[in-house]
Chemist: 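The structure follows.
Just the heavy atoms: all of them, side chains too, but no hydrogens, waters or symmetry mates, feed the values below.
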Amino acid sequence: MKILAFSDLHHNRARADVLVTESAQADLVIGAGDFCNHRKGLPEAMNLMSGLGAPMLAVPGNAESDVELQDAAHVGTTVLHGTGVESHSLRFFGIGGATPVTPFGHWSWDLTESEAEAVLARCEAVDVLISHSPPKGAVDVTSKGVSIGSEALRAAIERLHPALVLCGHVHDCWGQEARIGASRVVNLGPAPHWFEL
């Protein structure tokens, strides 16, 4: 199974065009949140992805809520937040929003660590865990050297041992990878990333 994955598109037409073109070679596309900016222009941002050549699994970022993403999603896009699906004999589970709570104010769709823990408790087994936020201590360091990942997500990874964890949110770590036990953790960013599972 060939997976094309990205995060943090932030309504960038040029980056969306590249992803749409690349998607012709994919069996599945994964979008790990932040399709728009500041909760504005989400339908237009999702329209940029309307030509995808494969189905997409998407989690909301902190720039859009789960309800907003459900409303703006096109046919062929499955929104995951506290839910999972199976595709090509692989189990996928998603959690959106920013965890822990950001300093960005009212526009940011955030979850507390306890809220994220409750969402992640619904997952009993997973091969690919999709999260907008990174786990604590892995691909989560800002330009000021501060680790801002989620403790709840890290605990879930240590409990579930997914083969792959896909995230975004921390722009300073786009394209970086880490390991938590046997789990490969990748902070995606808006460039195309390919995975074969």
Side-chain angles (χ1 to χ4, degrees), residues 1-9 16 18-35 46 49-61 64 66 69-70 72-97 99 111 116-135 138-139 149-150 152-169 174-197:
M1 180 183 199
K2 291 181 68 175
I3 297 173
L4 171 65
F6 68 95
S7 70
D8 301 282
L9 185 64
V18 171
L19 291 163
V20 168
T21 299
E22 293 269 328
S23 72
Q25 308 302 317
D27 297 309
L28 181 69
V29 176
I30 292 176
D34 276 5
F35 296 91
M46 296 307 289
M49 309 300 294
S50 63
L52 285 174
M56 180 165 69
L57 300 180
V59 300
E64 62 272 330
D66 56 342
L69 188 57
Q70 284 280 9
H74 289 207
V75 172
T77 296
T78 301
V79 176
L80 301 178
H81 178 67
T83 53
V85 295
E86 187 169 318
S87 179
H88 293 74
S89 301
L90 293 172
R91 296 160 299 180
F92 297 84
F93 188 90
I95 178 171
T99 307
L111 283 74
E117 184 178 6
V119 170
L120 290 160
R122 300 174 200 163
C123 184
E124 297 179 355
V126 63
D127 299 302
V128 180
L129 182 55
I130 310 162
S131 170
H132 181 59
S133 291
V139 298
S150 168
L153 181 61
R154 186 178 184 102
I157 294 167
E158 292 171 344
R159 172 175 62 89
L160 296 163
H161 311 290
L164 185 60
V165 180
L166 300 176
C167 61
H169 185 51
W174 284 350
Q176 294 182 18
E177 295 192 24
R179 289 251 172 206
I180 296 177
S183 300
R184 180 185 179 192
V185 183
V186 183
N187 186 319
L188 298 163
H193 291 265
W194 287 98
F195 302 92
E196 189 111 27
L197 296 175

Chemist: Please find the pair of heavy atoms, one from V29 and one from A26, that lie closest to each other, and give the distance.
Modeler: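 Looking at all heavy atoms of both residues, the closest pair is CG2-CB, 4.4 Å.
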Chemist: Between S7 and H193, does the side chain to side chain contact (heavy atoms under 4.5 Å, CB included) criterion hold? Intermediate values first, please.
Modeler: CA-CA 10 Å; S7 70; H193 291 265; over 6 Å; no
Chemist: Per the side-chain contact (heavy atoms from CB on, under 4.5 Å) rule, which among T83, I130, V119 passes with I95?
Modeler: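 That would be V119.
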Chemist: Donor-acceptor check, side chain of R154 to backbone of I157, threshold 3.5 angstrom: yes or no?
Modeler: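 Between the backbone of I157 and the side chain of R154 there is no qualifying donor-acceptor contact (under 3.5 Å).
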Chemist: Which value, rounded to the nearest 0.5 Å, describes the distance between L19 atom CG and L52 atom CG?
Modeler: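 So the CG of L19 and the CG of L52 are separated by 8.0 Å.
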Chemist: So does D127 pair up with R91, basic N to acidic O under 4.0 Å?
Modeler: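 The answer is yes: the pair qualifies as a salt bridge.
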Chemist: Hey, could you give me the CG/CG distance between L160 and L120, rounded to the nearest 0.5 Å?
Modeler: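 Here the rounded value is 8.0 Å.
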Chemist: How far apart are the closest heavy atoms of V59 and G94, and which atoms are they?
Modeler: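 Taking every non-hydrogen atom into account, CG1-CA, 3.7 Å.
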Chemist: Can a donor-acceptor pair be found, under 3.5 Å and without considering hydrogens, that links the side chain of S150 to the backbone of L153?
Modeler: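 Yes: the side chain of S150 pairs with the backbone of L153.
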Chemist: Quick check on E86: does its CD atom have over 12 non-hydrogen neighbours (other residues, nucleotides or ligands) under 6.0 Å away?
Modeler: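 Enclosed: over 12 neighbouring heavy atoms sit under 6.0 Å from CD of E86.
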Chemist: Between W194 and Q25, is there a side-chain donor-acceptor contact under 3.5 Å, judged purely by atom types and distance?
Modeler: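 There is no such pair (donor and acceptor under 3.5 Å, judged by atom type) between the side chains of Q25 and W194.
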Chemist: Measure the CH2-CZ distance between W174 and F6 for me, rounded to the nearest 0.5 Å.
Modeler: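 CZ of F6 is found 12.0 Å from CH2 of W174.
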Chemist: As an exercise, state the distance from OG1 of T78 to CD of Q70, rounded to the nearest 0.5 Å.
Modeler: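 So the gap between those two atoms works out to 8.5 Å.
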Chemist: I'd like to know if the side chain of H132 reaches the main chain of A32, judged simply by a donor and an acceptor atom lying under 3.5 Å from each other, with no hydrogens or angles considered.
Modeler: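 It does hold such a pair.
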Chemist: Please find the pair of heavy atoms, one from P192 and one from E22, that lie closest to each other, and give the distance.
Modeler: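 Minimum heavy-atom separation between P192 and E22: CG-CG, 4.1 Å.
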Chemist: Restricting to non-hydrogen atoms, name the atom on M46 and the atom on A72 that form the minimum distance, rounded to 0.1 Å.
Modeler: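 Looks like CB-O, 3.6 Å.
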Chemist: Determine whether I30 and F92 satisfy the following criterion, side chain to side chain contact (heavy atoms under 4.5 Å, CB included), listing intermediate values before the conclusion.
Modeler: CA-CA 10 Å; I30 292 176; F92 297 84; 3.9 Å; yes
Chemist: Enter the distance from T99:OG1 to L111:CG here, rounded to the nearest 0.5 Å.
Modeler: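 Answer for the OG1-CG pair, T99 versus L111, is 4.5 Å.
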Chemist: Give a yes or no answer on whether the side chain of Q176 reaches the backbone of V186 with a donor-acceptor pair at less than 3.5 Å.
Modeler: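 Absent.
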Chemist: Locate the shortest heavy-atom distance separating C167 from P135; write the atom from each residue and the value.
Modeler: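 Minimum heavy-atom separation between C167 and P135: SG-CD, 4.5 Å.
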Chemist: To the nearest 0.5 Å, how far apart are NE2 in H169 and CG in N187?
Modeler: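 CG of N187 is found 9.5 Å from NE2 of H169.
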Chemist: Evaluate the side chain to side chain contact (heavy atoms under 4.5 Å, CB included) criterion for residues L28 and H88: first the C-alpha distance (whole Å), next the side-chain angles of each, then the deciding distance (0.1 Å), finally the verdict.
Modeler: CA-CA 10 Å; L28 181 69; H88 293 74; 5.9 Å; no
Chemist: Ignoring hydrogens and angles, tell me if any N or O in the side chain of S133 forms a donor-acceptor pair with the backbone of G149 under 3.5 Å.
Modeler: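 No, because the side chain of S133 does not come within donor-acceptor range (under 3.5 Å) of the backbone of G149.
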Chemist: Report yes if some heavy atom in the side chain of L197 is under 4.5 Å from a heavy atom in the side chain of I3; otherwise report no.
Modeler: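 Contact flag for L197/I3 side chains = yes.
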Chemist: So which heavy atom on A5 is nearest to which on F195, and how close?
Modeler: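 Heavy-atom minimum between the residues: CB-CE1, 3.9 Å.
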Chemist: Check for a donor-acceptor pair, side chain of E64 on one end and backbone N or O of D34 on the other, with a separation under 3.5 Å.
Modeler: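 Yes, E64 side chain to D34 backbone: donor-acceptor pair under 3.5 Å.
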Chemist: Decide yes or no on side chain to side chain contact (heavy atoms under 4.5 Å, CB included) for V165 and I180, but give the supporting numbers first.
Modeler: CA-CA 10 Å; V165 180; I180 296 177; over 6 Å; no
